[in-house]
Amino acid sequence: MHSTNLLLEEPIRMVSILQPSKPSFFPAMTKIVGTLGPKSRSVEVISACLKAGMSVARFDFSWGDVDYHQETLENLKAAIKGTRKLCAVMLDTVGPELQVVNKSEKAISLVADSHVVLTPDQEQEASSALLPINFIGLSKASNFLLHIMLILCTLPSMSVKPGDTIFIGQYLFTGSETTSVWLEVAELKGDDVVCIIKNSATLAGSLFTLHISQIHIDLPTLTEADKNVITTWGVRNKIDFLSLSYTRHAEDVRKAREFLSKLGDLHQTQIFAKIENIEGLTHFDEILQEADGIILSRGNLGVDLPPEKVFLFQKAAVYKCNMAGKPAVITRVVDSMTDNLRPTRAEATDVANAILDGSDAILLGAETLRGLYPVETISTVGRICYEAEKVYNQDLYFKKTLKYVGEPMTHLESIASSAVRAAIKVKASVIICFTSSGKAARLIAKYRPTMPVLSVVIPQLKTNQLRWSFSGAFEARQSLIVRGLFPMLADPRHPAESTSATNESVLKVALDHVKASGLIMPHDRVVVCQKVGDASVVKIIELED
């Protein structure tokens, strides 16, 4: 993969750095995904998170049962109603995740240079000398690169071997040497793996995740437990996004899509491939073609890859997502805010660089799930994103995207790029796009205009031969993870394609909405993209007093 130059507007006036950040109806163009959990599941806290800028709520089924997450979701619905802030729902699968089984939930202290045994016997009690895990074949798991060679050579697979590195982290990988432990495989005894503890640490809580660097785990990406959660909780709540953990091949995405297609409304659910290990990295291009978006899970990637290589993969992967017009989501940005009110200087810079790379959204995990300051974390990340967006070199990005797309363009691509070009030329305050599927609005957002794109989703009447219903809700919510795209669900009585006055009526409603938000003022210009009959139209409106 090839990286690109930093898309930074130069020169930056030093005096602008001293100017305070201005509050805005849209705190940032970049979206924020917040993981709801013990510290962020009450109606009050979720309401504050929505006001702070959270637009997607992530439900991580690595912990907590269906009833627990349902109660949290009901609180989310109440918060949405109370704040009148739209929020999408993301279900994060467990996948082939290895976990330490700690039934007693007592803290486990591990001392450097001591030995600890990893055993598949889950009936055993977890202790500083013995850690039960939820996988029987660990001693028979194969090195990924050797695994590929062995498939080609049709030889039996090789087991994890002495010298291999195993990492165990509290909840999500924190990277802290006091709550995470590195182990080195010393020897294999049947199904047990004897390890040397490399650093002293205390594992506290109910969930410890285990990761073996560059080792192939022979488990399905979408497990039976995942399927059960999707068919019950997912179907009941019509989830907008499925975060497919440990995506390793394009076939993983195809199988997940085939599974969702049989579950009623979930055929509309978008699949975000979560790239967490070297297998997913190796097959990234094929995965990107199949997925609706990509989540770069830097916690696990940071274990599988050398630290000095993580940034390179991030830049290359985000660039590929940008050119494909598919959302790129970055994780693990402000770990220190799990326990602190302010991020480190390095973390603040990391968030900004992710925006300059072209990321669509920032995903907060432990920071909001169990962090002490979920609302402040969302607000802080949003402000950093806002500042980075102000110096983002949109002109350079626009030219690069046009060059990448090339000619001849598709009809929709041509209209989208023309709308953005017009908005730049006339210095429009906002772009309004009328759409039914959401595709046209996403294509406009792909060109990263400096102004917000209001996606006016026109519902369509549909039937499954048993009942009639309106589409549009999925399309509106799914824009909440795309950078610069903000949805509005129109009155279903107004068709998307019309030559009558109904178009003007919907446009007036949209303009009133952005006026109320303070985005546009008298004499501002607005670019409108819509279909009139069979023709696609881009027009420029100048507002009156």
Side-chain angles (χ1 to χ4, degrees), residues 21 23-28 30-92 105 170-172 174 179 204-207 229 233-234 236-241 243 295 299 329-343 347-348 351 361-386 477 480-481 486:
S21 301
S24 169
F25 180 79
F26 300 122
T30 306
K31 304 304 175 64
I32 297 177
V33 181
T35 304
L36 301 186
K39 297 293 184 180
S40 56
R41 65 190 303 257
S42 69
V43 175
E44 293 74 22
V45 174
I46 295 174
S47 297
C49 287
L50 292 172
K51 291 176 182 177
M54 181 181 77
S55 62
V56 180
R58 171 175 171 258
F59 293 80
D60 185 359
F61 277 81
S62 293
W63 61 275
D65 57 21
V66 168
D67 291 338
Y68 181 91
H69 288 297
Q70 188 61 45
E71 183 180 334
T72 305
L73 183 54
E74 295 304 323
N75 288 344
L76 171 64
K77 291 176 182 177
I80 291 171
K81 186 176 181 181
T83 60
R84 299 180 65 82
K85 299 278 188 183
L86 199 59
C87 185
V89 172
M90 174 182 285
L91 188 161
D92 199 314
E105 298 190 13
Q170 175 190 10
Y171 291 93
L172 305 173
T174 61
T179 61
S206 59
L207 176 64
V229 167
W233 192 89
R236 175 183 175 184
N237 297 296
K238 297 181 180 180
I239 56 170
D240 302 295
F241 304 108
S243 169
I295 298 174
V329 183
I330 300 293
T331 71
R332 307 308 307 275
V333 290
V334 285
D335 289 343
S336 69
M337 289 196 76
T338 302
D339 302 306
N340 300 293
L341 195 53
R342 287 167 59 92
E347 288 173 334
V351 174
I362 299 295
L363 190 155
L364 302 173
E367 302 99 322
T368 55
L369 182 144
R370 60 184 178 87
L372 302 179
Y373 308 101
V375 179
E376 291 84 355
T377 301
I378 292 169
S379 179
T380 299
V381 169
R383 289 198 303 274
I384 297 170
C385 292
Y386 175 76
R477 292 192 301 266
L480 290 169
I481 204 166
F486 299 91

Review item, side-chain donor-acceptor pairs of residues 371-378, under 3.5 Å, at least two apart:
{"residue": "Thr377", "atom": "OG1", "partner": "Tyr373", "partner atom": "O", "Å": "2.6"}

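Taking Thr35 as the reference, Arg58 meet the side-chain hydrogen bond (donor to acceptor under 3.5 Å, both in side chains) condition, with sequence neighbours excluded.
Rounding to the nearest 0.5 Å places OG of Ser42 at 11.5 Å from CG of Leu76. Here the CG atom belonging to Leu36 is positioned 9.5 Å from the OH atom belonging to Tyr68, to the nearest 0.5 angstrom. Taken from NZ in Lys31 to CG in Leu480, the straight-line distance is 5.5 Å, to the nearest 0.5 Å. Here CZ of Arg236 is found 8.5 Å from CG of Leu73. Values are rounded to the nearest 0.5 Å. Atom-to-atom distance recorded for Asp335:CG and Leu364:CG is 10.0 Å, nearest 0.5 angstrom. Note that CG of Asn75 and CD1 of Ile46 are 5.0 Å apart. Values are rounded to the nearest 0.5 Å.
Trp63 and Gly37 get closest at one heavy-atom pair: CH2-CA, 3.6 Å. Contact detail for Ile362 and Cys385: the closest heavy-atom pair is CG1-SG, 4.2 Å. Here the shortest heavy-atom pairing between Ala79 and Val43 reads CB-O, 4.0 Å.
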**Q.** Test log, rule side-chain contact (heavy atoms from CB on, under 4.5 Å), inputs Met90 and Ile295
**A.** CA-CA 12 Å; Met90 174 182 285; Ile295 298 174; 4.2 Å; yes
Q. So Cys87 and Leu50, side-chain contact (heavy atoms from CB on, under 4.5 Å) or not? Walk me through it.
A. CA-CA 8 Å; Cys87 185; Leu50 292 172; 3.7 Å; yes
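You'll find the side chain of Arg477 reaches within 4.5 Å of the side chain of Leu86, heavy atoms only. Contact check for Asn237 versus Phe59: no side-chain heavy atoms found under the 4.5 Å cut-off. Two residues are said to be in side-chain contact when any heavy atoms from C-beta on lie closer than 4.5 Å; Ser62 and Asp92 fail this criterion. Put simply, the side chain of Glu367 does not reach to within 4.5 Å of the side chain of Val381, judged on heavy atoms.
Judged purely by atom type and a 3.5 angstrom limit, Arg41 has no side-chain atom pairing as donor or acceptor with the backbone of Glu71.
Aromatic ring orientation, Phe61 versus His69: tilted (interplanar angle from 30° to 60°).
More than 12 heavy atoms of other residues, nucleotides or ligands shown are found within 6.0 angstrom of NZ on Lys77.
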